[in-house]
Q: 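So that we are looking at the same thing, I have put the structure below in structure tokens.
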Amino acid sequence: QVQLVESGGGLVQAGGSLRLSCKAPRMILSVFNSNTMEWHRQTPGKQRELVARVNPDDTQYVDSVKGRFTISKNNSKRTIDLQMNSLKPEDTGVYYCHAVTTTGHNYWGQGTQVTVVT
């Protein structure tokens with residue numbers, strides 16, 4: 001069974017940085033290489049939203065994090081990272097790793113909490 005494991009969340013002051021990591025240790029390498037991998041977040045009182053996406057051809061970001069967050073994929077390690085800089089209180093939430101395979105299967109991680117305080 002495919003498993004996504006997130007790490008790297010925590011509490012940080014506004015303006016600080018965190019780096020989230022998502023590992024897919026059991027995913028076949030060829031499948032991982034062709035996947036679309038995403039980071040989503042669930043903030044209090046709001047629906048879960050897509051924050052950043054990386055696929056074999058490009059990367060995409062929600063407008064609110066452009067210029068501050070960077071998503072990167074390491075195929076050999078089966079990981080995707082989300083470098084988050086200049087964090088704001090509104091970035092607070094639970095961040096989820098999400099994989100979408102070319103066959104349409106979806107996998108979610110368990111989530112990691114990010115809390116930004118002033």
Side-chain angles (χ1 to χ4, degrees):
Q1 183 176 355
V2 174
Q3 182 183 22
L4 300 179
V5 182
E6 300 111 332
S7 62
L11 187 147
V12 64
Q13 285 193 327
S17 299
L18 283 173
R19 188 176 183 89
L20 306 183
S21 183
C22 172
K23 297 183 180 181
R26 300 178 183 175
M27 190 173 288
I28 297 172
L29 185 57
S30 61
V31 174
F32 185 85
N33 290 349
S34 60
N35 278 354
T36 292
M37 301 294 295
E38 302 170 340
W39 283 98
H40 294 242
R41 67 184 175 194
Q42 180 85 54
T43 55
K46 295 184 179 181
Q47 289 187 329
R48 190 177 298 186
E49 67 170 343
L50 173 65
V51 174
R53 170 186 290 139
V54 58
N55 59 46
D57 299 321
D58 65 358
T59 57
Q60 299 170 352
Y61 300 91
V62 68
D63 286 345
S64 61
V65 307
K66 285 181 180 178
R68 300 188 297 121
F69 290 12
T70 303
I71 189 170
S72 59
K73 187 179 182 187
N74 187 317
N75 289 331
S76 63
K77 295 183 178 180
R78 297 178 180 85
T79 61
I80 62 164
D81 291 346
L82 185 68
Q83 178 66 43
M84 305 185 295
N85 298 327
S86 301
L87 282 161
K88 304 176 181 179
E90 52 263 42
D91 295 318
T92 293
V94 180
Y95 284 69
Y96 296 90
C97 180
H98 180 228
V100 184
T101 71
T102 56
T103 55
H105 290 89
N106 285 266
Y107 303 98
W108 290 92
Q110 81 285 356
T112 185
Q113 176 70 45
V114 171
T115 304
V116 184
V117 298
T118 57

Q: Would you confirm whether Glu6, through its side chain, and Gln110, through its main-chain N or O, come within 3.5 Å as a donor-acceptor pair?
A: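 A pair under 3.5 Å: yes.
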Q: Got a sec: does the CG of Leu50 have more than 12 other heavy atoms crowding it under 6.0 Å?
A: yes
Q: Check this for me: does any side-chain nitrogen of one of Lys66 and Asp63 sit under 4.0 Å from a carboxylate oxygen of the other?
A: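 Here Lys66 pairs with Asp63 in a salt bridge, since their nearest N and O are under 4.0 Å apart.
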Q: Under 3.5 Å, side chain of Thr92 to main-chain N/O of Val116, donor-acceptor pair present?
A: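 Answer holds: yes.
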Q: Kindly indicate whether the side chain of Thr43, heavy atoms from C-beta on, has any atom under 4.5 Å from the side chain of Glu90.
A: no
Q: Starting at CD of Glu49, measure out to CD of Gln47 and round the result to the nearest 0.5 Å.
A: 10.0 Å
Q: Using a 3.5 Å distance criterion without hydrogens, assess whether the side chain of Tyr61 forms a donor-acceptor pair with backbone atoms of Arg68.
A: no
Q: Measure the spacing between OG1 of Thr59 and CE of Met37 and express it to the nearest 0.5 Å.
A: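 Output value for this atom pair is 14.5 Å.
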Q: By the disulfide bond (SG atoms under 2.5 Å apart) test, which pairs, at least two apart or in different chains, include something from residues 40-118?
A: Cys22-Cys97
Q: Would you say that Arg48 contacts Trp108 through its side chain, given a criterion of any heavy-atom pair below 4.5 Å between the two side chains?
A: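 Heavy-atom side-chain distance check passes, below 4.5 Å.
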Q: Hey, what do you get for NE2 (His40) to OH (Tyr95), rounding to the nearest 0.5 Å?
A: 12.5 Å
Q: Do Val12 and Phe69 land in one hydrophobic cluster if side-chain heavy atoms of ILVMFWY residues count as linked below 4.5 Å?
A: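 In one cluster with Val12: Phe69, yes.
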Q: Atom CG of Leu18 and atom CG of Leu11: how far apart are they, to the nearest 0.5 Å?
A: 8.5 Å
Q: How close do Thr118 and Pro89 get, heavy atom to heavy atom, and via which atoms?
A: CG2-CG, 3.5 Å
Q: Under a 3.5 Å threshold, yes or no: a donor from one side chain and an acceptor from the other, between Ser72 and Asn74?
A: no
Q: Other residues, nucleotides and ligands only: do more than 12 of their heavy atoms fall within 6.0 Å of CZ on Arg26?
A: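 Open: at most 12 neighbouring heavy atoms sit under 6.0 Å from CZ of Arg26.
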Q: Is there a path of hydrophobic side-chain contacts, each under 4.5 Å between heavy atoms, that joins Met84 and Val62?
A: yes
Q: I'd like to know if the side chain of Gln83 pairs up with that of Asn85 as donor and acceptor (distance under 3.5 Å, no hydrogens or angles considered).
A: yes
Q: Judged by atom type as modelled, is there a donor-acceptor pair below 3.5 Å linking the side chain of Arg53 to the main-chain atoms of Thr36?
A: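 Flag not set: sc Arg53 to bb Thr36 has no pair under 3.5 Å.
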Q: Flag yes if more than 12 heavy atoms outside Lys73 fall under 6.0 Å of its NZ atom; otherwise flag no.
A: yes
Q: For the hydrophobic clusters of this structure (ILVMFWY residues joined by side-chain heavy atoms under 4.5 Å, transitively), does one cluster hold both Tyr107 and Ile80?
A: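 Looking at the clustering, Ile80 is in the same group as Tyr107.
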Q: Is there side-chain contact between Arg41 and Val65, with at least one heavy-atom pair below 4.5 Å?
A: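 A side-chain contact exists here, since the closest heavy-atom pair is under 4.5 Å.
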Q: With rounding to the nearest 0.5 Å, note down the distance linking CG in Leu4 to CZ in Arg78.
A: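 Taking CG in Leu4 and CZ in Arg78, the distance rounds to 12.5 Å.
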Q: Where do Ser86 and Ser17 come nearest, in terms of heavy atoms and distance?
A: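 Looking at all heavy atoms of both residues, the shortest contact is N-OG, 4.3 Å.
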Q: Which heavy-atom pair separates Asn35 from Thr102 by the least distance, and what is that distance?
A: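 Heavy atoms of Asn35 and Thr102 come nearest at OD1-N, 4.3 Å.
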Q: Determine, stepwise, if the pair Val114 / Leu20 fulfils side chain to side chain contact (heavy atoms under 4.5 Å, CB included).
A: CA-CA 9 Å; Val114 171; Leu20 306 183; 4.0 Å; yes
Q: Take Phe32 and Thr79 through the side chain to side chain contact (heavy atoms under 4.5 Å, CB included) test and state the conclusion after the steps.
A: CA-CA 9 Å; Phe32 185 85; Thr79 61; 5.6 Å; no
Q: Rounded to the nearest 0.5 Å, how far apart are CG of Asp81 and CH2 of Trp39?
A: 7.5 Å
